[in-house]
Amino acid sequence: MFDEIQFNTINRLPNYVFAEINEIKMKARRRGEDIIDFSMGNPDGNTPPHIVQKLIETAKKPKNNRYSVSKGIYKLRLAICDWYKRKYGIDLDPETEAVATMGSKEGYVHLAQAITNPGDVAIVPEPAYPIHTHAFIIAGGNVVKMNFNFNDKYELDYESFFDNLNQAIKDSMPKPKFVVVNFPHNPTTVTVKKDFYERLVALAKKERFYILSDIAYADLTYDGYKTPSIFEVEGAKDVAVESFTLSKSYNMAGWRVGFIVGNPKLIGALQKIKSWFDYGMFTPIQVAATVALNGPDDCVKEITEIYRKRRDVLLKSFDNAGWKIDKPNATMFIWAKIPEEFRYLGSMEFSKELLQEAKVAVSPGIGFGEHGDEYVRIALIENHNRIRQAARNIKHYFKTKRTK
Ligand SMILES: Cc1ncc(COP(=O)(O)O)c(C=O)c1O
């Protein structure tokens with residue numbers, strides 16, 4: 001019935017590429033199979049106890065049952081600004097330059113809603129975290145994708161990035177209004193240094209576009225690498241906003257709390273649209289998030305150390321299994337190039353075989369865009385024993401596949 005009535009926004013959203021893998025995974029589990037699951041960036045650790053304690057304490061106070069503040073309670077916005085000051089030496093105004101969001105995903109989607117006119121163009125480097133693209137599609141905009149390269153330490157190749165970006169700007173009609181960046185990057189783990197943002201901010205001012213920078217993995221860095229903020233660049237606030245989340249640094253993914261800061265015009269737009277969409281996160285979550293951000297930061301260091309150790313165990317045991325993978329220095333992921341002899345399968349088929357034959361679930365790179373098809377993403381959300389078990393299963397799968 002009503003076939004002639006179409007929902008254009010929904011029609012523009014593709015089917016979820018990971019759904020196919022999830023379906024096979026669920027069926028295997030229902031058959032009682034033990035699947036070692038590296039597929040989602042969904043932290044498996046506990047939220048630090050002092051944060052949970054604060055939530056409980058605050059939830060017991062009846063006044064906190066009331067509607068909260070959609071842009072975030074003042075204390076939380078202050079804690080966000082203090083976090084930036086401590087970490088990066090950057091000054092932000094909690095009234096005009098910070099918004100607390102229900103995770104950075106919600107913030108990002110609503111920001112796109114607030115600032116996109118129909119047909120506006122956003123440039124998104126690909127492979128990409130799917131929301132970076134589809135937030136603009138939902139908002140009625142268009143996305144121009146561009147590829148980027150990196151070396152065997154997963155460091156961005158600036159020259160090819162800026163060549164591709166300049167070309168994308170030149171080819172785009174109308175001119176792009178937004179450029180999205182996300183370093184350390186999901187899914188590739190690629191990192192940049194401050195000089196990258198110096199060049200990007202200068203280009204944004206010349207070509208007149210806004211920069212949306214996502215630093216969800218800012219804290220999850222290893223071997224001396226430190227994530228820069230775009231606001232370390234003089235004048236970046238004129239053209240940029242930056243988002244962060246408590247999901248990863250504090251194992252708080254289910255709590256749904258993050259924030260976006262920076263350019264007052266964009267932040268004002270997000271504050272305004274949020275005031276129409278929601279009444280704010282449950283106040284106790286905001287108070288607990290304030291406690292998390294105010295520190296101490298030992299828990300963040302402990303969480304980071306867990307991922308670092310898992311990274312090392314995984315690289316070593318997979319190497320023993322015959323799968324040599326380069327070492328990333330950030331995020332909770334490994335962006336693993338499919339062994340050459342199996343690359344012909346493509347990432348979707350390879351992931352399906354890993355799941356069916358080795359009982360190991362990963363995310364196929366194609367799910368992050370066509371440039372990801374030679375890779376799979378492995379999330380470091382299983383313990384050392386299970387990582388080693390996965391390596392043994394994979395070794396066996398490789399061996400039987402070779403002899404077929
Ligand atoms: C790059 C990036 N940004 C944002 C998010 C969303 O995180 P949340 O909505 O939990 O803050 C994720 C989640 O995996 C991510 O990988």
Side-chain angles (χ1 to χ4, degrees), residues 16-18 22 37-45 47 51 72 76 80 83 98-113 122 124-136 138 148 154 156 178-192 211-221 227-230 241-262 270 274 277-278 281 285-286 288-289 292-293 300 303-304 307 328 330-335 362-363 365 367-369 372 375 377-381:
Y16 195 52
V17 182
F18 305 114
N22 281 340
D37 194 354
F38 299 118
S39 61
M40 254 187 100
N42 193 359
D44 60 316
T47 303
I51 302 171
L76 176 53
I80 291 164
W83 182 89
V99 193
T101 58
M102 295 176 179
S104 43
K105 187 172 174 181
E106 177 273 330
Y108 190 80
V109 172
H110 281 149
L111 178 62
Q113 290 273 315
V124 181
E126 196 201 76
Y129 174 58
I131 292 301
H132 288 160
T133 313
H134 291 97
F136 290 101
I138 295 168
F148 59 96
Y154 299 94
L156 185 70
F178 311 109
V179 171
V180 177
V181 287
N182 162 222
F183 299 110
H185 185 248
N186 177 13
T188 67
T189 78
V190 166
T191 59
V192 296
I211 303 163
L212 278 53
S213 173
D214 177 345
I215 57 165
Y217 299 96
D219 285 327
L220 304 185
T221 62
T227 304
S229 162
I230 196 166
V241 292
E242 193 164 73
S243 61
F244 183 70
T245 173
L246 278 72
S247 296
K248 318 288 170 162
S249 300
Y250 302 90
N251 285 338
M252 289 172 69
W255 294 53
R256 312 307 304 128
V257 46
F259 54 82
I260 303 189
V261 302
L270 178 58
K274 273 181 72 62
F277 273 113
D278 68 70
M281 287 168 277
I285 292 182
Q286 300 199 42
L293 290 174
V300 180
I303 290 166
T304 306
Y307 289 124
T331 79
M332 57 187 291
F333 304 113
I334 307 279
W335 184 239
V362 298
S363 289
F368 304 96
Y375 292 82
R377 192 195 69 181
I378 302 171
L380 297 166
I381 50 165

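Ligands are counted one by one from 1 in listed order, and the atoms in each one are counted from 1 as well. From a predicted model like this one, the values you see are computed outputs, not experimental measurements.
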Q: Applying side chain to side chain contact (heavy atoms under 4.5 Å, CB included) between Phe178 and each of Leu111, Leu212, Val241, Val124, report the one that passes.
A: Leu212
Just to confirm my output: which protein heavy-atom neighbour is closest to [atom], and how far is it?
atom                    : result
atom 15 (C) of ligand 1 : Tyr217 OH, 3.6 Å
atom 3 (N) of ligand 1  : Asp214 OD2, 2.6 Å
atom 9 (O) of ligand 1  : Arg256 NH2, 2.7 Å
atom 6 (C) of ligand 1  : Tyr129 OH, 3.2 Å

Q. About how many Å separate CD1 of Ile303 and CE of Met332, when rounded to the nearest 0.5 Å?
A. 10.5 Å
(Q) What's the separation between atom CZ in Phe277 and atom CD in Glu106, rounded to the nearest 0.5 Å? (A) 9.0 Å
Q | Flag side-chain contact, heavy atom, 4.5 Å: Thr331 against Leu220 | A | no
**Q.** Residue pair Leu76 / Leu293, side-chain heavy-atom distance below 4.5 Å
**A.** yes
Under 4.0 Å from a heavy atom of [X]: which atoms of ligand 1 are those, numbered in the order shown and with their elements?
X      : value
Ser247 : 8 (P), 10 (O), 11 (O)
Gly103 : 9 (O), 11 (O)
Thr245 : 8 (P), 10 (O), 11 (O)
Asn186 : 1 (C), 15 (C), 16 (O)
Asn182 : 1 (C)
Ala216 : 2 (C), 3 (N)

Would you call the rings of [X] and [Y] parallel, tilted or perpendicular, taking 30° and 60° as the class edges?
X      : Y      : answer
Phe183 : His185 : tilted
Trp335 : Tyr375 : parallel
Phe259 : Phe244 : tilted

Q: Provide the closest heavy-atom pair for Arg256 versus Met281 in the form atom of the first, atom of the second, distance.
A: O-SD, 3.2 Å
Q: Decide whether the shortest distance between a heavy atom of His185 and an atom of ligand 1 is less than 4.0 Å.
A: no
Q.
Taking only non-hydrogen atoms of Lys248, do any sit less than 4.0 angstrom from ligand 1?
A. yes
Q. Short N/O distance, under 3.5 Å, between Glu106 and ligand 1?
A. no
Q: Report yes if His132 has an N/O atom closer than 3.5 Å to an N/O atom of ligand 1; otherwise report no.
A: no
Q. With no hydrogens and no angle check, is any side-chain donor or acceptor of Glu242 less than 3.5 Å from a backbone partner on Ile230?
A. yes
Q: Check each heavy atom of Ser104 against ligand 1 and say whether those closer than 4.0 Å belong to the side chain, the backbone, both or neither.
A: both
